[in-house]
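Here the structure is laid out as C-alpha cells; the discussion comes afterwards.
As the structure is a prediction and not an experimental result, all values here were calculated from the model. Remember, it's 1-based here, ligands and their atoms both numbered in the order they're listed.
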Amino acid sequence: MKVLVTGGAGYVGSVVVEMLLKERFSVSVIDNIVEGHRSAIPADIPFFEADIGTRDYVRKILGSNQIDAVIHMAGETLVSKSMSHPQDYFLGNVSKGLELLEAMRESNVKRIIFSSTAALFGNPEYTPIDEKHPTNPINAYGRSKLMFEQMLDWYHKAHGLNYVCLRYFNAAGATVEHGEHHRIETHLIPIVLQTALGQRDHVDIYGNNYDTRDGTCIRDYIHVEDLAMAHIEALRRMDDIGPQKLNLGNGEGYSVKEVIEAAREITGHPIPAREADRRSGDPAVLVASSERTRSLLGLKPRYPEIRQIVRTAWDWHSRNHHGYPD
Ligand code: UFG
C-alpha cells in the first residue's frame with residue numbers, strides 16, 4: 001500500500017514513518033518543516049516540503065505517487081497556544097485540513113487515518129474515557145480536531161471516504177532513532193528530562209489543587225512506538241472496520257508529580273520542581289479506556305508502564321542533548 005504521511009517530520013510522524021518502513025509500506029512525506037525536522041525523515045524516501053493547504057500541489061503528490069491512503073498528522077498541537085491563538089488552530093487544523101480533504105476527493109483517494117486527540121473530550125464525565133463519552137472540548141485545539149472529525153463524517157456520507165480517527169492521549173517516549181524535539185518545548189516529559197540534563201534549573205508544576213490523588217493533573221502516557229503501531233494496524237484493517245473513532249492510550253493515568261518521580265529514579269538527578277499556577281485549558285484527568293482499540297486493532301502495548309516510557313525518552317535525550325541537528 002502506498003501511503004502519504006502529512007506531518008511526517010514531527011515527533012509522532014517520524015516514528016510512524018519509521019514503523020511503516022519497517023513494515024514494508026511505500027511511504028511519502030509532506031511536511032512544511034515549521035515544527036518538524038528534515039533530518040527526522042530518511043533521505044531516500046519521497047519528501048515534499050510544503051503545507052497541506054496547497055491543494056493543487058497536494059493533488060499532484062497524490063496522483064504522481066499513486067497514493068492509496070493518507071495518514072494525516074500535520075497540524076497545530078499545543079493546548080496552551082490554542083487558548084491564546086485560536087485562529088491558528090482553526091486555520092491549520094480545519095481550513096487547511098479541508099484543503100487536504102478536497103485534494104483527496106479530487107484525486108479519488110478514499111482512505112484517511114487521522115491524528116485526533118483526547119482533548120476533544122474536555123473535562124471527563126467519567127474515567128476511563130471510552131468511545132461513547134460525550135465530546136465537549138474546553139480548548140480551541142480540541143475543538144478544531146473535533147471539527148475535522150465532523151468533516152470526515154460528512155465526507156464519508158457524501159463521498160464514501162473511509163476513515164479511522166485515532167484520538168491520542170499523551171504520546172511519550174522514543175525509539176532508538178526518533179525522539180521528541182519541539183523547537184519551543186512545552187511538554188512535561190521532555191521538560192523534565194532537559195532539567196535532568198542541566199538545560200533547565202527546575203520544572204514548573206502547573207496546578208497543585210486539582211481534584212486528583214496528589215492535586216496535580218493526571219494523564220495517560222502512551223509510548224510513541226505503540227501509538228505508531230496502531231496506525232499501521234488501522235491501515236491494514238480499515239477496509240473491514242472503518243469508519244471508526246478510537247481512543248488511543250495506555251489505560252493507566254499518572255500525575256505530574258508521579259512522572260517527575262519516575263524521571264528522578266531513572267536519571268538519578270534530583271530534578272527540582274516548583275509549584276506554579278494552573279495552565280489554561282488543562283483538564284484535570286485524561287485517561288483512556290483502550291479496550292475497544294486494542295481488540296479492533298489487535299494491539300498489545302510493548303511499553304505499558306511509565307518507567308519504561310520515560311527510560312526510552314531518557315536514552316534518546318541523553319544521546320541527543322539538543323534534539324535533531326537542524
Ligand atoms: N505540565 C506541567 N509542567 C510543564 C509541562 C506540563 O505541570 O512544564 C503538566 C500539564 O499542565 C499537564 C501535563 O503536565 O497537566 C501534561 O502536559 P503536556 O504539555 O505534556 O501534554 P498535554 O496533556 O497538555 O497535551 C498532550 C498533547 C495534546 C493532546 C493531549 C491529550 O500535547 O496534543 O496530550 O491528552 F491533546
If we number the atoms of ligand 1 from 1 as shown, the ones under 4.0 Å from a heavy atom of Leu286 are 35 (O)
When distances are taken from atom 29 (C) of ligand 1, the protein heavy atom at minimum range is Thr117 OG1, 3.4 Å
How about Tyr11 and His187: are their ring centres within less than 6.0 Å of each other?
no
heavy-atom search around atom 3 (N) of ligand 1 in the protein gives Asp204 O, 2.7 Å
| Can you tell me if Tyr210 has a non-hydrogen atom under 4.0 Å from ligand 1? | no
Check this for me - ligand 1, Tyr168, N or O atoms closer than 3.5 angstrom, yes or no? no
Per-atom filter on ligand 1: closer than 4.0 angstrom to a heavy atom of Arg279 are 6 (C), 10 (C), 11 (O), 12 (C), 17 (O), 18 (P), 19 (O), 22 (P), 24 (O)
A student checking ligand 1 against Ile205 at a 4.0 Å heavy-atom cut-off should list atoms 7 (O)
Problem set entry | Residues Glu18, Lys22: salt bridge by 4.0 Å N-O rule | yes
closest protein heavy atom to atom 33 (O) of ligand 1 is Tyr141 OH, 3.0 Å
Among non-hydrogen protein atoms, atom 27 (C) of ligand 1 lies closest to His187 NE2, 4.1 Å
Numbered in order shown, the ligand 1 atoms found under 4.0 Å of a heavy atom of Cys217 are 15 (O)
for atom 5 (C) of ligand 1, nearest protein heavy atom and its distance come out as Thr186 O, 3.3 Å
Report all side-chain donor-acceptor pairs from residues 46-54 shorter than 3.5 Å, counting only partners two or more places apart or in another chain.
unit_1, atom_1, unit_2, atom_2, d
Asp51, OD1, Gly53, N, 3.0
Asp51, OD1, Lys96, NZ, 3.4
Asp51, OD2, Asn32, ND2, 3.4
Asp51, OD2, Lys96, NZ, 3.2
Thr54, OG1, Asp51, O, 2.6

I would like to know whether Lys245 and Asp153 meet salt bridge (Lys or Arg N to Asp or Glu O under 4.0 Å); could you show each step before the answer? CA-CA 10 Å; Lys245 293 170 184 160; Asp153 287 334; 3.0 Å; yes
request  = Run the salt-bridge test on Glu233 and Arg294 with the 4.0 Å N-O cut-off and return the result as yes or no.
outcome  = no
When every non-hydrogen atom of Ile33 is compared with those of Arg38, the smallest separation belongs to CD1-N, 3.6 Å
| Going by distance only, is there an N or O of Tyr221 that falls short of 3.5 Å from an N or O of ligand 1? | no
among protein heavy atoms, the one nearest atom 22 (P) of ligand 1 is Asn170 ND2, 3.6 Å
The closest protein heavy-atom partner of atom 1 (N) of ligand 1 is Tyr206 CD1, 3.6 Å
If you scan protein heavy atoms around atom 9 (C) of ligand 1, the nearest is Val256 CG2, 3.7 Å
Besides Trp154, the hydrophobic cluster formed by Ile, Leu, Val, Met, Phe, Trp and Tyr side chains linked at under 4.5 Å, directly or via other members, contains none
**Asked** Are His72 and Tyr163 close enough that their ring centers fall under 6.0 Å?
**Response** no
Parallel, tilted or perpendicular: which one describes the rings of His181 and His37, with boundaries at 30° and 60°? parallel
Going by the 4.0 angstrom heavy-atom rule, the piece of Leu188 near ligand 1 is both
Is Val70 reachable from Met1 through a run of I, L, V, M, F, W or Y residues, each pair having side-chain heavy atoms under 4.5 Å apart?
-> no
